[in-house]
Amino acid sequence: MRCECGKNAIEKIGNRYYCKECYSKRYLSLVERSIRRYGILKRGERVLAAVSGGKDSVAMIAALKELEDKLGIKVEALHINLGIGEYSKKSEEVCRELCDNLGIPLHVVTLSEYGFTISDVRKKACSVCGNAKRYIMNRFAREQGFDVVATGHCAEDIVANVLKNLYSGNFEWSEKLLPRIEGYFKFVSKAKPLYEIGEKENLLFVLSRRLTFLPDECPKAPDPKWKELVYVIEKRIPGFKKGVLRSLVKREKVEGELKSCKICGEPTSTEVCQFCRNVKKFGKVRKIPL
Amino acid sequence: MKSQKKSSQKIKILFKFLGGFPEKEKVVEVEEDKTYSEVLESLGINPETVVIVKGDSPLPVDSRVEEGEVKVLRVISGGN
């Protein structure tokens, strides 16, 4: 299989085959487009990119570094050593090597400095870990003067969480999954530059660019059944992921722009609500004053 | 008249599984006209959830199988 440029192909997308170089170019333009479409990062921002050493965060930080000038941003990396035995040791080594190779300043915070590690947590380790990461990322970014924290959440992570939130009756939590959340109070802005990018695309970019990454799975990681489900649905309904991601943003826009109807005062996303427009269009004798 | 189907030769592939698979490796004997995608499906693996790597280069999953070793990297990672 050959790419249009004549080199050996590594992937087929639609009807086209891509070699490593053409694939990487396509990947970078998708990330850039996604960042611009959703305003994920803004010109002039100092970005703290959280890197675990896994394929997604490695792909994100490498892409951001390559797009630094185009986007007008400055990228530095943060790795949090969570104290999960050999896995954490290897993760830190990978991040040091990667950032060294890419010329990205790396900051490392060790959870044990706060008096515990994730290995000390017997129950709900993932929940404690997630909280620790969010706490440290936010505090470090704010104290060091970063404008935004970028994480390597990919399309499947987000869609799986939307489904989980729907199932558990916590759909309102999904607003935390949006591509960008502006900072407020003591919270620094959060960004997900890979919002629309699939994890397979991330892995292929990492392999194409021969980036250092850790293929090992966290020993405490839960069964990724929700993500597997996303793949099953996508196979039956191609475009499902994109549909969910776009509707999440659309929904937020609608909710975010609510105002009072000029005629009746009821909530609406337009100047005059749909009901008043219908009254005007179809109404004959009005019995209830608007 | 019945059309005669050519019987294709069988070759051996050593699949080395990386990341979250129940087994580490498996030797599979398949007809040489198969694609990796077809072989993965027959092993119960959704080809969209993996990347096939031969040597140090990924391969499109619709590539024809070749004798020898390939790595199967699982793209689905856990965590939250």
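Proteins get letters first, then strands, A, B, ... in listed order; numbering begins at 1 in each.
- Around the NZ atom of B:Lys54, the shell of radius 6.0 Å holds more than 12 heavy atoms that belong to other residues, nucleotides or ligands.
- Taking every heavy atom of both residues into account, A:Pro224 and B:Arg74 meet most closely at CG-NH2, 3.5 Å.
- Atom NZ in A:Lys200 sits 11.0 Å away from atom CG in B:Leu73 (nearest 0.5 Å).
- Only the side chain of A:Lys55 comes within contact range of chain B, judged by heavy atoms closer than 4.5 Å.
- No donor-acceptor pair closer than 3.5 Å links the side chain of A:Lys12 to the backbone N or O of B:Val61.
- Contacts between A:Glu228 and chain B at a heavy-atom distance below 4.5 Å involve backbone atoms as well as side-chain atoms.
- When heavy atoms are compared at a cutoff of 4.5 Å, A:Tyr17 approaches chain B solely by way of its side chain, counted from C-beta outward.
- The CD1 atom of A:Ile10 lies 13.5 Å from the CD1 atom of B:Ile52; values are rounded to the nearest 0.5 Å.
- For a residue to count as touching a neighbouring chain, one of its non-hydrogen atoms must lie under 4.5 Å from one of that chain's; by this rule B:Val53 touches chain A with the side chain only.
- Annotation for B:Pro60 and A:Ala9: closest pair CD-O, 3.4 Å, computed over non-hydrogen atoms.
- A:Asp56 touches chain B through its side chain: at least one heavy atom from C-beta onward sits under 4.5 Å away, while N, CA, C and O do not.
- Proximity to chain A is absent for every atom of B:Leu18, based on heavy atoms less than 4.5 angstrom apart.
- Rounded to the nearest 0.5 Å, atoms OG (B:Ser77) and CG (A:Leu214) are 11.5 Å apart.
- Note that the OG1 atom of B:Thr49 and the OH atom of A:Tyr231 stand 7.0 Å from one another [nearest 0.5 Å].
- Within a 6.0 Å sphere centred on CZ of A:Phe187, heavy atoms belonging to other residues, nucleotides or ligands number 12 at most.
- A:Lys20 touches chain B through its side chain: at least one heavy atom from C-beta onward sits under 4.5 Å away, while N, CA, C and O do not.
- Separating the CG atom in A:Leu203 from the CD1 atom in B:Ile76 is a distance of 12.0 Å, to the nearest 0.5 Å.
- In this structure, chain B has a heavy atom under 4.5 Å from the side chain of A:Lys235, while its backbone stays farther away.
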